[in-house]
J.: 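Here it is, the structure, as C-alpha cells.
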Amino acid sequence: MIARIDAERLDAADPLNPFRERFALPEGLVYLDGNSLGALPKGAVARVAAAVTREWGEGLVRSWTDAGWVDLPRRVGDRIARLVGARPGEVVCTDSTSVNVFKVLSAALALRPGRLTIVSEEGNFPTDLYVAEGLAELLARGHRLHLVAKGELLSALDTDTAVLLLTHVDYRTGERHDLPAVTRAAHEAGALVVWDLAHTAGAMPVELDAAGADFAVGCGYKYLCGGPGAPAFLYVAARHQEVFRQPLSGWFGHAAPFAFEPGYRPAPGISRALSGTPPILSMTALDAALDVILEADLSLVREKSEKLTSFFVEAVEQECGAAVRLVSPRDPVRRGSQVSFAYPDGYAVIQALVARGVVGDFRVPDVLRFGFAPLYVRFVDTWDAARALAEVLSSHAHERPEFRRRLAVT
Ligand SMILES: *Cc1c(COP(=O)(O)O)cnc(C)c1O
C-alpha cells in the first residue's frame with residue numbers, strides 16, 4: 001500500500017523539485033495537462049512585457065535588427081536542437097506543427113520520386129493525417145496514405161513506401177515508439193521518416209542525429225511551455241538540407257529576402273524551411289521558457305517522468321480498483337510522460353475532476369488522459385489526483401448533468 005506520505009518523501013528527494021518555483025501555477029490546482037498547454041514560466045512575463053514595451057513600443061521596425069528579431073527563429077531553433085539531439089543549424093522555430101508537417105512531408109516525398117505511399121498509423125494525431133491527405137490531393141500524382149495498426153507498421157513498409165509519418169509518443173495512449181529502431185527499419189526499406197515530437201520535446205531526451213533521423217516537427221506549447229499557439233519547430237538532418245525544398249517558399253526562406261528578387265532562391269541551410277514573418281511575441285515567450293527548460297538535466301527529467309507516471313498508476317489502481325482500465329503501457333520505459341485510463345463515461349469524469357481542481361483531459365472515445373510535466377508536477381499532485389478520481393467514481397459525482405455538457409475544447 002502507498003499513501004500520501006510516500007509522495008511527500010519522493011518530492012523531498014526529487015532533484016528537480018526547485019524547478020516548480022519557476023512556474024506560475026494557481027495555488028491548490030493539480031495541473032496534469034501540461035501535455036496540452038504547458039504552464040506559464042514566470043520569467044516569460046517580464047520578457048514578453050519588455051518585448052512589447054521596449055522592442056516593439058520604442059524600437060519599432062529597428063528591432064528587427066537591433067533586438068535580433070530577424071534571427072529569432074534560428075536562435076530558438078538552435079536551443080530546441082539541444083533538447084532533441086540535433087546540431088546547431090538543424091532546427092528552426094516556425095509556424096505550427098500542422099504547417100511544418102506539410103513542409104517536411106512535401107520535401108520528403110520529393111526525395112522519393114518513384115514511391116507513392118505514405119505509411120502512418122491509425123491512431124496517429126489527426127492533424128498529421130489530415131495534412132498528409134491534403135498534400136496527396138494537391139500533388140495529384142497518385143500518392144496515398146496507408147494507415148495501419150501500430151503493431152503492423154514495419155511489415156507495411158515496402159518498395160512503394162516513400163515516407164513513414166509517425167508521432168513518437170502516442171497522444172492518446174502515451175505509448176512510445178523506439179525511434180532509432182523504427183528509423184533504421186524504414187531506411188532499410190528505402191523510406192524516409194517524419195517524426196512528430198509533439199509529446200516528446202522537453203519531456204524526455206531524444207537523439208535525432210544519433211538515430212540517423214531525416215525530418216521532425218514538434219510543438220512549442222506543450223512540454224516546451226511557450227504559451228497558447230506558440231510557434232512549433234522543424235528539424236531537417238544536415239545531410240538533407242541542400243536538397244530540401246518545401247512549397248511554402250515565402251520570402252523568409254529566400255536566400256536574400258531584402259533583395260526583393262522576383263524569383264525564389266532557397267536560403268542555405270535550415271532557413272529555407274521558413275515561410276513568412278515570424279510571430280515575435282509568441283516566440284519570445286517560448287525563448288524565455290527555454291531558459292528554464294535548458295537548465296534541467298534531461299536524463300533527470302526522464303527519470304522523474306517514469307517515476308511520476310509509475311506512482312500515479314500504482315495510486316490509481318490502489319484507490320480506484322478495477323473501475324478504470326490502464327490503456328498506457330505498464331512498462332514505464334515504453335511510455336511517454338502521460339498516463340491514460342479508459343472509463344466509459346470519461347468525459348463527465350474529467351469535468352468532475354476539473355471542478356475539484358484536478359485538470360486532466362478527455363480524448364475520444366473513453367480516455368482519461370493525465371500528463372506529467374516533470375519540471376512542475378510533484379508526486380503529491382499524482383497522489384491527490386488519484387484520490388480525487390477515486391472520490392468522483394465512488395460518489396458518482398460525474399453523473400451530475402453539468403458535467404455532461406460538452407465544451408468546444410476538451
Ligand atoms: C498537439 C499536436 C499537434 C498540434 O498541431 P498544431 O498545428 O499545433 O495544432 C500536432 N501533432 C501532434 C502529434 C500533437 O500532439
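Predicted model only: the values in this text are computed from it and were never measured.
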J.: Does the side chain to side chain donor-acceptor pair (under 3.5 Å) test come out yes or no for D209 and Y235, once each step is laid out?
T.: CA-CA 10 Å; D209 281 347; Y235 159 92; 2.8 Å; yes
J.: Report, as yes or no, whether the 6.0 Å neighbourhood of atom CD on E21 holds more than 12 heavy atoms from other residues, nucleotides or ligands.
T.: no
J.: Over 60° means perpendicular and under 30° means parallel, so tell me whether F311 and F379 are parallel, tilted or perpendicular.
T.: perpendicular
J.: Give a yes or no on whether the ring-centroid distance for F260 and F258 is below 6.0 angstrom.
T.: yes
J.: CD of E306 to CZ of R335: how many Å apart, nearest 0.5 Å?
T.: 8.0 Å
J.: If we ignore angles and hydrogens, is there a donor and acceptor under 3.5 Å between the side chains of Y376 and N17?
T.: no
J.: Strictly by modelled atom types, are H168 and T200 linked by a side-chain donor-acceptor pair under 3.5 Å?
T.: yes
J.: Are a donor atom and an acceptor atom from the side chains of W251 and S275 found within less than 3.5 Å of each other?
T.: no
J.: Suppose we screen for salt bridge (charged side-chain N to carboxylate O under 4.0 Å, His left out). Which residues come up paired with R356, at least two apart in sequence or across chains?
T.: E391
J.: Distance-only check: which donor-acceptor pairs under 3.5 Å involve side-chain atoms of residues 312-320, not counting sequence neighbours?
T.:
from: E317; atom 1: OE1; to: R330; atom 2: NH1; distance (Å): 2.9
from: E317; atom 1: OE2; to: R330; atom 2: NH1; distance (Å): 3.4
from: E317; atom 1: OE2; to: R330; atom 2: NH2; distance (Å): 2.8
from: Q318; atom 1: OE1; to: I2; atom 2: N; distance (Å): 2.7
from: Q318; atom 1: NE2; to: I2; atom 2: O; distance (Å): 2.7
from: E319; atom 1: OE1; to: R387; atom 2: NH1; distance (Å): 2.6

J.: Looking at W64, I'd like to know if its CH2 atom is crowded, meaning that more than 12 non-hydrogen atoms belonging to other residues, nucleotides or ligands lie closer than 6.0 Å.
T.: yes
J.: Quick one: do the S340 and T173 side chains pair a donor with an acceptor below 3.5 Å?
T.: no
J.: Measuring from E152:CD to L157:CG, what's the distance to the nearest 0.5 Å?
T.: 12.0 Å
J.: Quick one: pull up OG in S249 and OH in Y264 and give me the separation to the nearest 0.5 Å.
T.: 5.5 Å
J.: Consider only side-chain N and O atoms of D170 and H177, and report whether a donor and an acceptor are under 3.5 Å apart.
T.: no
